[in-house]
Visitor: 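The following block contains the structure, expressed as C-alpha coordinates.
Predicted model, so just to flag it, every value in this text is computed and none were measured. Values reported hereafter were calculated over all heavy atoms of this structure, with side chains retained and with hydrogens, waters and symmetry mates removed.
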Amino acid sequence: MKRREFIKKGGAGALVLGTGLGVSGVAQARPEFKWKMVTTWPKNFPGLGTGANHLAALINEMSGGRIRVKVYGAKELVPAFEVFDAVARGTAEMGHGAAYYWKGKSEVAQFFSTVPFGMTAQEMNGWMYHGDGLKLWRELYTKFGLVPAPAGNTGVQMGGWFNKEIKSVADLKGLKMRIPGLGGEVLKRAGGTPVNLPGGELFTSLQSGAIDATEWVGPYNDLAFGLYKAAKYYYYPGFHEPGTTLEAIVNKKAFDALPKDLQAIVLNACKVVNQDMLAEYTARNPAALETLLTKHKVDMRPYPKDVLEVLRKYSQEVVEELGNKDAFSRKVYASYKGFLEQSRRWTGISELAYLQARDLS
Ligand code: CA
(Lines give C-alpha, C1' and ligand atoms only; values in the text may rest on other atoms or scores of the structure.)
Protein backbone atom coordinates (compact mmCIF):
# COMPACT_ATOMS: atom_id res chain seq x y z
CA MET A 1 0.00 0.00 0.00
CA LYS A 2 1.32 3.47 -0.88
CA ARG A 3 1.82 5.82 2.03
CA ARG A 4 -0.86 8.24 0.88
CA GLU A 5 -3.43 5.48 0.48
CA PHE A 6 -2.46 4.13 3.88
CA ILE A 7 -3.07 7.48 5.50
CA LYS A 8 -6.32 8.01 3.59
CA LYS A 9 -7.55 4.65 4.85
CA GLY A 10 -6.68 5.70 8.37
CA GLY A 11 -4.21 2.89 8.98
CA ALA A 12 -2.99 2.37 12.52
CA GLY A 13 -0.19 4.66 13.55
CA ALA A 14 -0.54 7.02 10.58
CA LEU A 15 -1.15 10.71 11.12
CA VAL A 16 -1.81 13.59 8.81
CA LEU A 17 1.31 14.83 7.04
CA GLY A 18 2.53 18.34 7.55
CA THR A 19 5.51 20.44 8.49
CA GLY A 20 6.05 23.22 10.95
CA LEU A 21 8.80 25.11 12.65
CA GLY A 22 10.28 23.48 15.72
CA VAL A 23 11.44 25.47 18.74
CA SER A 24 14.89 25.69 17.19
CA GLY A 25 13.38 27.41 14.18
CA VAL A 26 14.42 24.47 11.97
CA ALA A 27 11.69 23.01 9.81
CA GLN A 28 10.54 19.82 11.46
CA ALA A 29 8.21 17.20 10.09
CA ARG A 30 5.24 16.36 12.25
CA PRO A 31 5.18 12.66 13.00
CA GLU A 32 3.71 10.69 10.15
CA PHE A 33 3.84 7.54 12.24
CA LYS A 34 3.24 7.29 15.95
CA TRP A 35 4.41 3.92 17.20
CA LYS A 36 4.28 2.10 20.47
CA MET A 37 7.19 -0.14 21.51
CA VAL A 38 6.38 -2.76 24.15
CA THR A 39 9.26 -4.44 25.95
CA THR A 40 9.93 -7.45 28.15
CA TRP A 41 12.09 -5.31 30.48
CA PRO A 42 11.30 -3.19 33.50
CA LYS A 43 11.05 0.43 32.31
CA ASN A 44 14.50 2.07 32.08
CA PHE A 45 16.30 -1.09 33.30
CA PRO A 46 20.06 -0.57 32.73
CA GLY A 47 21.32 -1.90 29.40
CA LEU A 48 18.12 -3.66 28.33
CA GLY A 49 15.37 -1.10 29.05
CA THR A 50 17.67 1.82 28.30
CA GLY A 51 18.68 0.02 25.09
CA ALA A 52 15.02 0.00 24.03
CA ASN A 53 14.81 3.71 24.92
CA HIS A 54 17.94 4.34 22.86
CA LEU A 55 16.40 2.53 19.89
CA ALA A 56 13.24 4.66 20.09
CA ALA A 57 15.27 7.87 20.43
CA LEU A 58 17.45 6.96 17.43
CA ILE A 59 14.43 6.25 15.23
CA ASN A 60 12.88 9.57 16.26
CA GLU A 61 16.12 11.45 15.62
CA MET A 62 17.22 9.73 12.41
CA SER A 63 13.76 10.16 10.89
CA GLY A 64 13.73 13.86 11.79
CA GLY A 65 10.63 13.20 13.88
CA ARG A 66 8.68 11.48 11.09
CA ILE A 67 8.38 8.36 13.24
CA ARG A 68 7.79 8.88 16.93
CA VAL A 69 8.18 5.80 19.09
CA LYS A 70 6.91 5.65 22.66
CA VAL A 71 8.45 2.94 24.84
CA TYR A 72 6.48 0.91 27.36
CA GLY A 73 8.12 -1.17 30.11
CA ALA A 74 6.86 -4.64 31.00
CA LYS A 75 3.27 -4.50 32.34
CA GLU A 76 2.74 -0.89 31.28
CA LEU A 77 0.76 -1.87 28.21
CA VAL A 78 1.13 -5.67 28.15
CA PRO A 79 2.91 -8.18 30.44
CA ALA A 80 6.54 -9.03 29.57
CA PHE A 81 5.82 -12.33 27.90
CA GLU A 82 2.96 -10.99 25.75
CA VAL A 83 5.19 -8.69 23.75
CA PHE A 84 5.38 -11.07 20.77
CA ASP A 85 1.59 -11.46 20.50
CA ALA A 86 0.94 -7.78 21.10
CA VAL A 87 3.18 -6.78 18.19
CA ALA A 88 1.91 -9.60 15.95
CA ARG A 89 -1.69 -8.45 16.38
CA GLY A 90 -0.78 -4.77 16.07
CA THR A 91 -1.56 -3.62 19.64
CA ALA A 92 1.94 -2.14 19.42
CA GLU A 93 3.93 -1.56 16.23
CA MET A 94 7.23 -2.59 17.80
CA GLY A 95 8.64 -4.75 20.55
CA HIS A 96 11.98 -5.33 22.27
CA GLY A 97 12.86 -8.62 23.98
CA ALA A 98 14.65 -11.88 23.17
CA ALA A 99 13.69 -14.65 20.76
CA TYR A 100 14.08 -17.48 23.32
CA TYR A 101 11.12 -16.09 25.24
CA TRP A 102 8.90 -17.20 22.34
CA LYS A 103 9.76 -20.89 22.24
CA GLY A 104 6.07 -21.59 22.95
CA LYS A 105 5.33 -20.01 19.55
CA SER A 106 8.30 -21.45 17.74
CA GLU A 107 11.01 -23.58 19.32
CA VAL A 108 13.47 -22.90 16.52
CA ALA A 109 13.31 -19.16 17.34
CA GLN A 110 15.74 -19.91 20.17
CA PHE A 111 18.60 -20.22 17.68
CA PHE A 112 18.25 -16.48 17.06
CA SER A 113 18.84 -15.52 20.70
CA THR A 114 21.52 -17.81 22.10
CA VAL A 115 22.56 -21.46 22.19
CA PRO A 116 24.31 -23.16 25.15
CA PHE A 117 27.99 -23.64 24.26
CA GLY A 118 27.19 -21.88 20.98
CA MET A 119 28.37 -18.67 19.34
CA THR A 120 29.75 -15.60 21.10
CA ALA A 121 28.36 -12.12 20.42
CA GLN A 122 30.98 -11.48 17.77
CA GLU A 123 30.22 -14.76 16.03
CA MET A 124 26.43 -14.23 16.29
CA ASN A 125 26.79 -10.87 14.57
CA GLY A 126 28.85 -12.51 11.84
CA TRP A 127 26.17 -15.17 11.34
CA MET A 128 23.31 -12.65 11.46
CA TYR A 129 24.65 -10.00 9.11
CA HIS A 130 27.09 -11.84 6.89
CA GLY A 131 25.86 -15.42 7.15
CA ASP A 132 22.26 -16.61 6.76
CA GLY A 133 21.15 -15.92 10.36
CA LEU A 134 19.05 -12.82 9.84
CA LYS A 135 17.66 -14.09 6.52
CA LEU A 136 16.39 -17.28 8.20
CA TRP A 137 15.05 -15.34 11.19
CA ARG A 138 13.05 -13.08 8.86
CA GLU A 139 11.72 -16.10 7.03
CA LEU A 140 10.54 -17.64 10.32
CA TYR A 141 8.88 -14.49 11.69
CA THR A 142 7.09 -13.64 8.42
CA LYS A 143 4.48 -16.24 9.21
CA PHE A 144 3.75 -14.45 12.48
CA GLY A 145 3.41 -11.11 10.67
CA LEU A 146 6.63 -9.78 12.19
CA VAL A 147 9.93 -8.34 11.00
CA PRO A 148 12.81 -9.18 13.41
CA ALA A 149 16.19 -7.48 13.79
CA PRO A 150 19.12 -7.96 16.18
CA ALA A 151 18.91 -5.03 18.62
CA GLY A 152 21.38 -5.57 21.41
CA ASN A 153 23.76 -8.15 22.79
CA THR A 154 24.83 -8.86 26.35
CA GLY A 155 28.05 -10.68 25.55
CA VAL A 156 28.88 -13.75 27.66
CA GLN A 157 26.55 -13.90 30.65
CA MET A 158 27.17 -15.22 34.16
CA GLY A 159 26.16 -18.73 35.22
CA GLY A 160 23.84 -17.54 37.94
CA TRP A 161 23.04 -17.20 41.63
CA PHE A 162 22.82 -20.24 43.88
CA ASN A 163 22.32 -20.84 47.57
CA LYS A 164 24.36 -24.02 47.54
CA GLU A 165 27.66 -25.04 46.05
CA ILE A 166 27.65 -26.78 42.70
CA LYS A 167 30.35 -29.41 43.10
CA SER A 168 28.94 -31.96 40.69
CA VAL A 169 26.05 -32.30 38.24
CA ALA A 170 24.14 -34.12 41.02
CA ASP A 171 23.89 -30.76 42.82
CA LEU A 172 21.66 -29.52 39.99
CA LYS A 173 19.20 -32.33 40.58
CA GLY A 174 15.87 -31.11 41.96
CA LEU A 175 17.02 -27.49 41.63
CA LYS A 176 14.26 -25.09 40.65
CA MET A 177 16.03 -22.42 38.67
CA ARG A 178 14.97 -19.49 36.55
CA ILE A 179 16.79 -20.11 33.29
CA PRO A 180 15.10 -19.44 29.95
CA GLY A 181 15.56 -20.99 26.53
CA LEU A 182 17.73 -23.95 25.69
CA GLY A 183 19.75 -23.51 28.89
CA GLY A 184 16.58 -24.50 30.72
CA GLU A 185 16.34 -27.69 28.66
CA VAL A 186 19.93 -28.49 29.59
CA LEU A 187 19.14 -28.02 33.29
CA LYS A 188 16.13 -30.32 32.88
CA ARG A 189 18.39 -33.01 31.47
CA ALA A 190 20.59 -32.64 34.55
CA GLY A 191 17.54 -33.30 36.73
CA GLY A 192 16.64 -29.70 37.54
CA THR A 193 13.40 -27.82 37.01
CA PRO A 194 13.76 -24.77 34.78
CA VAL A 195 11.26 -21.96 35.10
CA ASN A 196 10.97 -18.81 33.08
CA LEU A 197 10.16 -15.55 34.81
CA PRO A 198 10.48 -11.99 33.56
CA GLY A 199 13.44 -10.11 35.02
CA GLY A 200 11.24 -7.94 37.22
CA GLU A 201 10.13 -10.99 39.24
CA LEU A 202 13.53 -12.55 39.92
CA PHE A 203 14.54 -10.94 43.16
CA THR A 204 11.31 -11.61 45.07
CA SER A 205 11.06 -15.16 43.68
CA LEU A 206 14.58 -15.95 44.83
CA GLN A 207 14.17 -14.26 48.18
CA SER A 208 10.85 -15.95 48.94
CA GLY A 209 12.21 -19.36 47.97
CA ALA A 210 9.75 -19.75 45.08
CA ILE A 211 12.91 -20.60 43.09
CA ASP A 212 16.19 -22.04 44.40
CA ALA A 213 18.48 -20.32 41.93
CA THR A 214 18.42 -17.86 39.08
CA GLU A 215 20.50 -16.56 36.26
CA TRP A 216 19.89 -13.10 34.86
CA VAL A 217 22.57 -11.41 32.76
CA GLY A 218 25.88 -10.40 34.29
CA PRO A 219 27.38 -8.11 36.95
CA TYR A 220 25.97 -4.84 35.54
CA ASN A 221 22.37 -6.11 35.54
CA ASP A 222 22.57 -8.53 38.47
CA LEU A 223 23.88 -5.78 40.72
CA ALA A 224 20.99 -3.52 39.66
CA PHE A 225 18.47 -6.14 40.79
CA GLY A 226 20.35 -6.76 44.06
CA LEU A 227 20.47 -10.50 43.44
CA TYR A 228 23.52 -10.78 45.73
CA LYS A 229 21.15 -10.10 48.65
CA ALA A 230 19.17 -13.25 47.94
CA ALA A 231 21.86 -15.81 47.05
CA LYS A 232 25.25 -16.81 48.32
CA TYR A 233 27.21 -18.09 45.32
CA TYR A 234 27.77 -16.49 41.93
CA TYR A 235 28.90 -19.00 39.31
CA TYR A 236 30.55 -18.48 35.92
CA PRO A 237 30.70 -18.76 32.98
CA GLY A 238 27.20 -18.50 31.53
CA PHE A 239 27.61 -21.58 29.36
CA HIS A 240 23.91 -21.28 28.56
CA GLU A 241 24.11 -17.72 27.17
CA PRO A 242 27.46 -17.08 25.51
CA GLY A 243 26.35 -13.96 23.62
CA THR A 244 22.63 -13.36 23.71
CA THR A 245 21.13 -11.39 20.85
CA LEU A 246 18.26 -9.15 21.92
CA GLU A 247 15.59 -8.63 19.34
CA ALA A 248 13.49 -5.83 17.97
CA ILE A 249 10.28 -6.95 16.31
CA VAL A 250 8.15 -4.79 14.06
CA ASN A 251 4.59 -5.51 13.02
CA LYS A 252 4.97 -6.41 9.35
CA LYS A 253 1.98 -4.36 8.16
CA ALA A 254 3.28 -1.32 10.03
CA PHE A 255 6.76 -1.90 8.55
CA ASP A 256 5.44 -2.37 5.01
CA ALA A 257 3.45 0.87 5.33
CA LEU A 258 6.69 2.85 5.81
CA PRO A 259 8.39 4.48 2.85
CA LYS A 260 11.74 2.89 1.98
CA ASP A 261 13.86 5.54 3.70
CA LEU A 262 12.02 5.08 7.00
CA GLN A 263 12.30 1.29 6.72
CA ALA A 264 16.07 1.71 6.34
CA ILE A 265 16.13 4.04 9.33
CA VAL A 266 14.30 1.55 11.56
CA LEU A 267 16.58 -1.34 10.57
CA ASN A 268 19.76 0.70 10.85
CA ALA A 269 18.75 2.12 14.22
CA CYS A 270 18.43 -1.52 15.37
CA LYS A 271 21.93 -2.18 14.05
CA VAL A 272 23.36 0.77 15.97
CA VAL A 273 21.70 -0.38 19.20
CA ASN A 274 22.87 -3.94 18.59
CA GLN A 275 26.47 -2.73 18.61
CA ASP A 276 26.07 -0.05 21.26
CA MET A 277 24.51 -2.33 23.86
CA LEU A 278 27.42 -4.76 23.63
CA ALA A 279 29.79 -1.82 24.09
CA GLU A 280 27.80 -0.73 27.14
CA TYR A 281 28.02 -4.19 28.74
CA THR A 282 31.72 -4.33 27.94
CA ALA A 283 32.17 -0.99 29.68
CA ARG A 284 29.89 -1.53 32.69
CA ASN A 285 30.38 -5.18 33.67
CA PRO A 286 33.94 -4.88 35.03
CA ALA A 287 33.14 -2.11 37.54
CA ALA A 288 29.92 -3.82 38.63
CA LEU A 289 31.84 -7.04 39.19
CA GLU A 290 34.34 -5.15 41.32
CA THR A 291 31.46 -3.74 43.42
CA LEU A 292 29.90 -7.19 43.85
CA LEU A 293 33.19 -8.73 44.96
CA THR A 294 34.66 -6.03 47.16
CA LYS A 295 31.67 -4.12 48.52
CA HIS A 296 29.12 -6.94 48.73
CA LYS A 297 31.63 -9.76 49.34
CA VAL A 298 30.02 -12.05 46.81
CA ASP A 299 31.39 -15.61 46.75
CA MET A 300 32.17 -16.03 43.05
CA ARG A 301 33.23 -19.41 41.71
CA PRO A 302 33.85 -21.11 38.40
CA TYR A 303 31.69 -24.11 37.55
CA PRO A 304 33.88 -27.19 38.05
CA LYS A 305 35.38 -28.43 34.80
CA ASP A 306 33.67 -31.81 34.94
CA VAL A 307 30.29 -30.12 35.52
CA LEU A 308 30.82 -28.06 32.37
CA GLU A 309 31.82 -31.18 30.45
CA VAL A 310 28.56 -32.95 31.34
CA LEU A 311 26.51 -29.83 30.62
CA ARG A 312 28.22 -29.49 27.26
CA LYS A 313 27.25 -33.04 26.37
CA TYR A 314 23.62 -32.39 27.39
CA SER A 315 23.68 -29.14 25.43
CA GLN A 316 24.79 -30.92 22.26
CA GLU A 317 21.89 -33.39 22.65
CA VAL A 318 19.33 -30.64 23.31
CA VAL A 319 20.50 -28.52 20.36
CA GLU A 320 20.67 -31.48 17.99
CA GLU A 321 17.13 -32.55 18.89
CA LEU A 322 15.81 -29.04 18.40
CA GLY A 323 17.67 -28.83 15.10
CA ASN A 324 15.98 -31.95 13.77
CA LYS A 325 12.34 -31.24 14.63
CA ASP A 326 11.19 -30.32 11.13
CA ALA A 327 12.44 -29.16 7.75
CA PHE A 328 12.86 -25.52 8.77
CA SER A 329 14.65 -26.44 12.03
CA ARG A 330 17.06 -28.55 10.00
CA LYS A 331 17.75 -25.60 7.72
CA VAL A 332 18.44 -23.24 10.64
CA TYR A 333 20.50 -25.83 12.52
CA ALA A 334 22.62 -26.63 9.45
CA SER A 335 23.34 -22.93 8.95
CA TYR A 336 24.09 -22.28 12.65
CA LYS A 337 26.23 -25.36 13.03
CA GLY A 338 28.16 -24.72 9.83
CA PHE A 339 28.94 -21.15 10.86
CA LEU A 340 29.94 -22.21 14.36
CA GLU A 341 32.24 -24.95 13.09
CA GLN A 342 34.07 -22.52 10.85
CA SER A 343 34.18 -19.87 13.58
CA ARG A 344 35.47 -22.33 16.13
CA ARG A 345 38.66 -22.81 14.16
CA TRP A 346 39.18 -19.11 13.42
CA THR A 347 38.19 -17.87 16.90
CA GLY A 348 40.57 -20.44 18.36
CA ILE A 349 43.60 -19.04 16.58
CA SER A 350 42.54 -15.38 16.83
CA GLU A 351 40.51 -14.23 19.87
CA LEU A 352 41.22 -17.25 22.06
CA ALA A 353 44.92 -17.55 21.25
CA TYR A 354 45.38 -13.81 21.64
CA LEU A 355 43.52 -13.59 24.99
CA GLN A 356 45.56 -16.47 26.32
CA ALA A 357 48.74 -14.75 25.18
CA ARG A 358 47.67 -11.39 26.62
CA ASP A 359 46.91 -12.80 30.02
CA LEU A 360 50.08 -14.87 30.36
CA SER A 361 51.54 -13.80 33.65
CA1 CA B 1 20.18 -14.68 31.04
Visitor: Ring centres under 6.0 Å, that's the criterion: do F84 and Y101 meet it?
Guide: no

Visitor: Drop me the distance from Y100's OH to H240's NE2, to the nearest 0.5 angstrom.
Guide: 7.0 Å

Visitor: Ignoring hydrogens and angles, tell me if any N or O in the side chain of Q342 forms a donor-acceptor pair with the backbone of F339 under 3.5 Å.
Guide: no

Visitor: Side chains of L293 and L289: closer than 4.5 Å at any heavy-atom pair?
Guide: yes

Visitor: Kindly state each residue pair satisfying salt bridge (charged side-chain N to carboxylate O under 4.0 Å, His left out) with at least one member in residues 167-181, sequence neighbours excluded.
Guide: R178-E215

Visitor: Hey, what do you get for CD1 (I179) to OG1 (T214), rounding to the nearest 0.5 Å?
Guide: 9.0 Å

Visitor: Salt bridge check, E309 against R312: does any charged N sit closer than 4.0 Å to a carboxylate O?
Guide: no

Visitor: State, without any angle test, whether T244 and E241 hold a side-chain donor-acceptor pair at a distance under 3.5 Å.
Guide: yes

Visitor: Would you list the pairs meeting side chain to side chain donor-acceptor pair (under 3.5 Å) in which at least one residue belongs to residues 229-239, sequence neighbours left out?
Guide: D222-Y234

Visitor: I would like to know whether S329 and D326 meet side chain to side chain donor-acceptor pair (under 3.5 Å); could you show each step before the answer?
Guide: CA-CA 5 Å; S329 304; D326 54 36; 2.8 Å; yes

Visitor: When you compare the side chain of W35 with that of V250, does any pair of heavy atoms fall below 4.5 Å?
Guide: yes

Visitor: Hey, does the side chain of T282 reach the backbone of L278 with a donor-acceptor pair shorter than 3.5 angstrom?
Guide: yes

Visitor: Hey, does L172 have a side-chain heavy atom less than 4.5 Å from the side chain of I166?
Guide: yes

Visitor: Is a donor on one side and an acceptor on the other found under 3.5 Å between the side chain of N53 and the backbone of V71?
Guide: no

Visitor: Does this structure show an ion pair linking R66 with D261, if we count only N-O contacts that are shorter than 4.0 Å?
Guide: yes

Visitor: Are any of the side-chain heavy atoms of N163 and D212 separated by less than 4.5 Å?
Guide: no

Visitor: More than 12 heavy atoms of other residues, nucleotides or ligands under 6.0 Å from CD of Q263: yes or no?
Guide: yes

Visitor: Which of these, V156, N153, V217, D276, sits in a side chain to side chain contact (heavy atoms under 4.5 Å, CB included) with Y281?
Guide: V217

Visitor: Ring centres of W161 and F225 under 6.0 Å apart?
Guide: no

Visitor: So does T294 get a backbone contact from the side chain of K297, meaning a donor-acceptor N/O pair under 3.5 Å?
Guide: yes

Visitor: Under the criterion side chain to side chain donor-acceptor pair (under 3.5 Å), I'd like the reasoning laid out for S335 against W127: C-alpha separation, chi angles, the key distance, then a yes or no.
Guide: CA-CA 9 Å; S335 170; W127 181 54; 2.8 Å; yes

Visitor: Could you go step by step and tell me if M300 and L292 meet the side chain to side chain contact (heavy atoms under 4.5 Å, CB included) rule?
Guide: CA-CA 9 Å; M300 185 175 74; L292 286 171; over 6 Å; no

Visitor: Go through it in stages, so that I can follow the logic: the residues are M119 and V115, the test is side chain to side chain contact (heavy atoms under 4.5 Å, CB included), and I'd like the CA-CA distance, side-chain angles, deciding distance and then a yes or no.
Guide: CA-CA 7 Å; M119 294 186 208; V115 169; over 6 Å; no

Visitor: Are L182 and S315 packed together at the side-chain level, in the sense that at least one heavy-atom pair is separated by less than 4.5 angstrom?
Guide: no

Visitor: Tell me whether E165 at atom CD has more than 12 heavy atoms from other residues, nucleotides or ligands lying less than 6.0 Å away.
Guide: yes

Visitor: Hey, what do you get for CG (N221) to CG (L48), rounding to the nearest 0.5 Å?
Guide: 5.0 Å

Visitor: Could you tell me whether a side-chain N or O of T50 sits under 3.5 Å from a main-chain N or O of G47, the two making a donor and an acceptor?
Guide: yes

Visitor: For the side chain of E247 and the backbone of A151, is there at least one donor-acceptor N/O pair under 3.5 Å apart?
Guide: no

Visitor: Quick check against the 3.5 Å criterion: does E317 have a side-chain atom that pairs as donor or acceptor with the backbone of Y314?
Guide: no

Visitor: State plainly whether one hydrophobic cluster holds both L77 and L146, where clusters connect Ile, Leu, Val, Met, Phe, Trp and Tyr through side-chain heavy atoms under 4.5 angstrom apart.
Guide: yes

Visitor: Do the ring centers of F45 and W216 come within less than 6.0 Å of each other?
Guide: yes

Visitor: If you measure from CG on L258 to OG on S63, what distance do you get to the nearest 0.5 Å?
Guide: 9.5 Å

Visitor: Please step through side chain to side chain contact (heavy atoms under 4.5 Å, CB included) for the pair V266 and I67, ending with a clear verdict.
Guide: CA-CA 9 Å; V266 169; I67 313 178; 3.8 Å; yes

Visitor: Of all residues at least two apart in sequence or in a different chain, which pass the side-chain hydrogen bond (donor to acceptor under 3.5 Å, both in side chains) check with K252?
Guide: D256

Visitor: So, are E321 and R189 salt-bridged, with charged N and O less than 4.0 Å apart?
Guide: yes

Visitor: Cluster question for you: counting only ILVMFWY and a side-chain heavy-atom cut-off of under 4.5 Å, with indirect links fine, are M177 and V195 together?
Guide: yes

Visitor: Between T291 and A287 (side chain of the first, backbone of the second, donor and acceptor by atom type, cut-off under 3.5 Å), is there such a pair?
Guide: yes

Visitor: Between the side chains of K105 and D85, is the shortest nitrogen-to-carboxylate-oxygen separation below 4.0 Å, so that they form an ion pair?
Guide: yes

Visitor: Among all residues two or more places apart in sequence or in another chain, which pass the side-chain contact (heavy atoms from CB on, under 4.5 Å) test with P79?
Guide: E82

Visitor: Any heavy-atom pair between the side chains of V319 and E185 that's under 4.5 Å?
Guide: no

Visitor: When you measure from the side chain of H96 to the backbone N and O of T40, does any donor-acceptor pair fall under 3.5 Å?
Guide: no

Visitor: Would you call K135 and E139 a salt bridge, using N to O less than 4.0 angstrom?
Guide: no

Visitor: Might you work through the side chain to side chain donor-acceptor pair (under 3.5 Å) test for W346 and E123, ending with a clear yes or no?
Guide: CA-CA 10 Å; W346 168 240; E123 291 165 342; over 6 Å; no

Visitor: Output the distance between atom NZ (K313) and atom CG (L311), rounded to the nearest 0.5 Å.
Guide: 10.5 Å

Visitor: Consider only side-chain N and O atoms of Q157 and T154, and report whether a donor and an acceptor are under 3.5 Å apart.
Guide: yes

Visitor: Within the structure provided, determine whether L134 and R138 are in side-chain contact (heavy-atom separation under 4.5 Å).
Guide: yes

Visitor: Under the side-chain hydrogen bond (donor to acceptor under 3.5 Å, both in side chains) test, which residues partner E341, sequence neighbours left out?
Guide: R344

Visitor: With heavy-atom distances below 4.5 Å as the criterion, would you say the side chains of L175 and F162 are in contact?
Guide: yes

Visitor: Ignoring hydrogens and angles, write down the donor-acceptor pairs under 3.5 Å from the side chains of residues 268-275, residues two or more places apart or on other chains.
Guide:
| residue | atom | partner | partner atom | Å |
| --- | --- | --- | --- | --- |
| N268 | ND2 | A264 | O | 2.8 |
| N274 | OD1 | G152 | N | 2.9 |
| N274 | ND2 | N125 | OD1 | 2.9 |
| N274 | ND2 | Y129 | OH | 3.0 |

Visitor: Measuring from atom CG of L340 to atom CE of M124, what distance do you get when rounded to the nearest 0.5 angstrom?
Guide: 10.5 Å

Visitor: Verify the cluster assignment for L352 and F117: are they in a single hydrophobic cluster under the rule of side-chain heavy atoms below 4.5 Å apart?
Guide: no

Visitor: For Y72, is the NZ or CZ atom of K70 found under 6.0 angstrom from the centre of its six-membered ring and inside 45 degrees of the ring axis?
Guide: yes

Visitor: Any ion pair linking K36 and E93 (charged N to carboxylate O, less than 4.0 Å)?
Guide: no

Visitor: Output, in order, the C-alpha distance, side-chain angles, deciding distance and verdict of side chain to side chain contact (heavy atoms under 4.5 Å, CB included) for R330 and Y333.
Guide: CA-CA 5 Å; R330 278 191 285 278; Y333 181 46; 5.7 Å; no

